[in-house]
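Quick caveat, the model's predicted, so the values are computed rather than measured. Residue numbers start from 1 in every chain, and the chains themselves are labelled A, B, ... in the order their sequence lines are given, proteins ahead of strands.
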Amino acid sequence: MTYNSTLLRLLDERGYIHQLTDAQGLDALAAKQIVPGYIGFDATAPSLHVGSLVQIMMLRRLQQAGHKPIVVMGGGTTKVGDPSGKDESRKMLTSEGIQANIASIRTVFEKLLTFGDGPTDAIMVDNDEWLSQLGYIELLRTVGPHFTINRMMTFDSVKLRLEREQPLTFLEFNYMILQAYDFRELALRHGCSLQMGGSDQWGNIVNGIELTRRMEAKELFGLTTPLLTTADGAKMGKTAAGAVWLNEDQLPAYDFWQYWRNVDDRDVGKFLRLFTDLPLDEIARLESLEGSEINAAKIVLANEVTTLCRSEDAAKAAEATASTTFAGGGLGADLPVVALPAEGLGIIDALVGIGFAASRGEAKRLIAGGGARVDGESVSDENFHIAGGAEVRISSGKKKHGVLRPN
RNA sequence: GGACAGGUGGCCGAGUGGUUAAAGGCAGCAGACUGUAAAUCUGCCCGCGCAAGCGUACGCUAGUUCGAAUCUAGCCCUGUCCA
């Protein structure tokens with residue numbers, strides 16, 4: 001369908017919309033007034049990773065379209081501890097830990113959204129503010145009657161667990177109630193009328209809408225994004241080194257840049273639309289590049305996203321490092337560096353030291369497989385000694401490079 | 001509280017006394033081919049050691065045995081059904 005509001009047109013043409021509860025209703029509302037909309041985020045780690053970037057960008061679009069983004073941090077839900085994790089994740093975060101995480105996560109939002117007190121300025125709230133105030137009996141009496149177990153059992157999150165015979169705790173079962181409660185609370189406190197989220201949040205969002213309709217007779221809207229996977233079917237944001245973190249102190253800018261530079265050909269257009277502000281005709285042009293020319297589009301993607309999430313300088317530095325490292329075979333400034341003692345260093349220690357191998361055994365396997373290089377030359381002798389005194393380039397495979405620098 | 005089924009490496013999943021550091025798959029790393037892509041093929045994939053080897057590891061603990069992921073007991077956890 002075609003939309004009248006800037007908001008839905010923008011979200012639609014850039015590929016953010018998967019499901020929408022009431023397209024006409026939201027379209028009409030967004031066309032005539034400022035719509036405060038929110039998305040909830042986890043506070044379990046000091047940084048979000050690229051898996052959350054779609055949601056963050058959607059808040060940015062909301063603001064670009066003249067509406068008000070509300071970032072909801074799940075401080076309250078985090079406090080409870082996420083029981084869905086496997087055996088090890090029983091750790092309960094302390095309040096201080098959660099607050100520190102929220103502060104750290106906020107730095108990224110500040111790059112992508114404009115915060116303040118204005119009508120379309122973004123705000124950040126913590127659901128701990130209201131969730132920790134809830135009394136159990138009170139909650140049961142007020143929201144309890146609006147949920148039937150019958151219906152809760154039909155939600156995918158519940159159904160899948162039961163079908164796979166995996167444990168589903170009462171705590172988790174209550175998540176959807178708390179989430180629904182959040183939406184109502186935000187509607188009352190901030191006039192919030194839209195909740196967005198990943199497609200897995202659909203059920204939670206709908207619950208919030210229904211709860212608020214029943215309790216407050218207010219009409220709210222929900223919108224979900226498509227589940228973002230890479231072209232080869234993997235979930236976004238995982239690489240060799242683990243998650244692709246948005247915060248600089250969790251992942252150096254050069255590695256962040258490299259993640260986007262190495263994206264699958266088929267994902268380039270989609271990612272440009274979702275993760276950059278480039279105009280659509282420009283994206284169409286980049287996307288149509290074929291063969292090795294698409295690499296130019298990937299560089300644009302990497303630069304744009306790195307600029308947004310980190311800084312323009314970081315993007316430039318990363319690109320410069322990449323081009324001298326890959327094209328010239330030189331040493332870029334952004335490469336990881338390890339000190340090279342005057343007496344030199346064994347190849348194994350060098351590989352472990354710079355983090356290309358987790359253990360000495362792994363370093364040896366890398367060497368045996370022909371993947372270890374010093375100054376571009378493959379090293380097959382695990383006793384190889386790197387002479388001290390001069391800067392040396394060390395590589396694991398063709399993509400991971402580092403510098404050994406005399407100290 | 002009871003009956004039954006189960007708890008294996010990052011994940012899934014074989015394995016019921018020695019030839020099992022544990023089949024197979026996925027994920028990951030490297031090589032070849034390329035475009036710092038994909039697909040494909042090949043090798044690697046617990047730690048230490050140049051190596052023979054050593055140390056850890058199959059929910060936890062204690063046993064049986066020359067020898068246990070495999071047998072026994074207790075405990076913890078999960079599922080299904082029952083109270």
Set of residues satisfying side-chain contact (heavy atoms from CB on, under 4.5 Å) with respect to Gln99(A), sequence neighbours excluded = Ile102(A), Asp126(A)
Report the distance from atom CD1 of Ile367(A) to atom C1' of rA30(B), rounded to the nearest whole Å.
-> 12 Å
Pair assignment for rG79(B), Watson-Crick or G-U wobble, requiring both distances under 3.5 Å = rC4(B)
Mind running a 4.0 Å heavy-atom check of residues 350-363 of chain A against RNA chain B and sending the residues that fall below it, in number order?
-> Ser359(A), Arg360(A), Gly361(A)
What's the CD-P distance between Glu382(A) and rC48(B), to the nearest Å?
-> 12 Å
Show each protein N/O and nucleotides 40-45 of chain B N/O combination with a separation under 3.5 Å, one pair to a line.
none

Would you mind pulling out the nucleotide paired to rA52(B), Watson-Crick or G-U wobble, both distances under 3.5 Å?
-> none
Show me the donor-acceptor pairs within less than 3.5 Å that the side chains of residues 341-358 of chain A make with the rest of the protein, sequence neighbours left out.
residue   : atom : partner   : partner atom : Å
Asp349(A) : OD1  : Arg360(A) : NH1          : 2.8

Please check if the distance between the ring centroids of Phe275(A) and Trp260(A) is under 6.0 Å.
-> yes
For residues 289-304 of chain A, which side-chain N or O atoms pair as donor and acceptor with protein atoms under 3.5 Å away, sequence neighbours left out?
residue   : atom : partner   : partner atom : Å
Asn295(A) : OD1  : Arg261(A) : NH2          : 2.5
Asn295(A) : ND2  : Ser292(A) : O            : 3.3
Lys298(A) : NZ   : Val263(A) : O            : 2.8
Lys298(A) : NZ   : Asp265(A) : OD1          : 2.7
Asn303(A) : OD1  : Trp257(A) : NE1          : 2.8
Asn303(A) : ND2  : Ile299(A) : O            : 3.4
Asn303(A) : ND2  : Glu319(A) : OE1          : 3.0

Can you tell me the Watson-Crick or wobble partner of rC71(B), both distances under 3.5 angstrom?
-> rG63(B)
With both distances under 3.5 angstrom, what nucleotide forms a Watson-Crick or G-U wobble pair with rU16(B)?
-> none
Applying a 3.5 Å limit to both distances, which nucleotide forms a Watson-Crick or G-U wobble pair with rU40(B)?
-> rA32(B)
Looking for any heavy atom pair under 4.0 Å, which part of the strands does Ser378(A) touch: base, sugar-phosphate only, or nothing?
-> nothing
Any residue meeting ring pair (Phe, Tyr, Trp, His ring centres under 6.0 Å) with Phe41(A), in chain and number order, not counting sequence neighbours | Phe109(A)
Pairwise P distance for rC29(B) and rC46(B), with rounding to whole Å = 16 Å
Sequence-distant partners of Ile137(A), side-chain contact (heavy atoms from CB on, under 4.5 Å), two or more places apart | Arg141(A)
Show me, pair by pair, the donor-acceptor contacts under 3.5 angstrom made by side chains of residues 370-381 of chain A, not counting sequence neighbours?
residue   : atom : partner   : partner atom : Å
Asp375(A) : OD1  : Arg393(A) : N            : 3.0
Ser378(A) : OG   : Gly370(A) : O            : 3.3
Asp381(A) : OD1  : Asn383(A) : N            : 2.8

Measure from CG on Asp381(A) to C1' on rC50(B) and round the result to the nearest Å.
-> 11 Å
All N/O contacts under 3.5 Å from nucleotides 35-37 of chain B to the protein, with atom names and distances to one decimal?
residue : atom : partner   : partner atom : Å
rG35(B) : O6   : Asp265(A) : OD2          : 3.3
rG35(B) : N1   : Asp265(A) : OD1          : 3.3
rG35(B) : N1   : Asp265(A) : OD2          : 2.6
rG35(B) : N1   : Gly291(A) : O            : 3.4
rG35(B) : N2   : Asp265(A) : OD1          : 2.6
rG35(B) : N2   : Asn295(A) : OD1          : 3.4
rG35(B) : N2   : Lys298(A) : NZ           : 3.1
rG35(B) : N3   : Asn295(A) : ND2          : 3.4
rU36(B) : O2'  : Asn262(A) : OD1          : 2.1
rU36(B) : O2   : Gln258(A) : OE1          : 2.8
rU36(B) : O2   : Asn262(A) : OD1          : 3.3
rU36(B) : O2   : Asn262(A) : ND2          : 3.3
rU36(B) : N3   : Gln258(A) : OE1          : 3.2
rU36(B) : N3   : Gln258(A) : NE2          : 3.4
rA37(B) : OP1  : Lys399(A) : NZ           : 2.8
rA37(B) : O4'  : Lys298(A) : NZ           : 3.3
rA37(B) : O2'  : Asp265(A) : N            : 3.4
rA37(B) : N3   : Asp265(A) : OD2          : 3.2

Side chain to side chain donor-acceptor pair (under 3.5 Å) partners of Ser104(A), counting only residues at least two apart = Asn247(A)
5′-ward residue of the pair Lys364(A)/Ser396(A) relative to RNA chain B | Ser396(A)
Residues which pass side-chain contact (heavy atoms from CB on, under 4.5 Å) with Pro279(A), listed by chain and number, not counting sequence neighbours = Asp281(A), Glu282(A)
Determine, using ring centers only, whether His401(A) and Phe326(A) are less than 6.0 Å apart.
-> yes
Contacts satisfying salt bridge (Lys or Arg N to Asp or Glu O under 4.0 Å) that involve residues 52-63 of chain A (not counting sequence neighbours) are Arg60(A)-Asp277(A), Arg61(A)-Asp277(A)
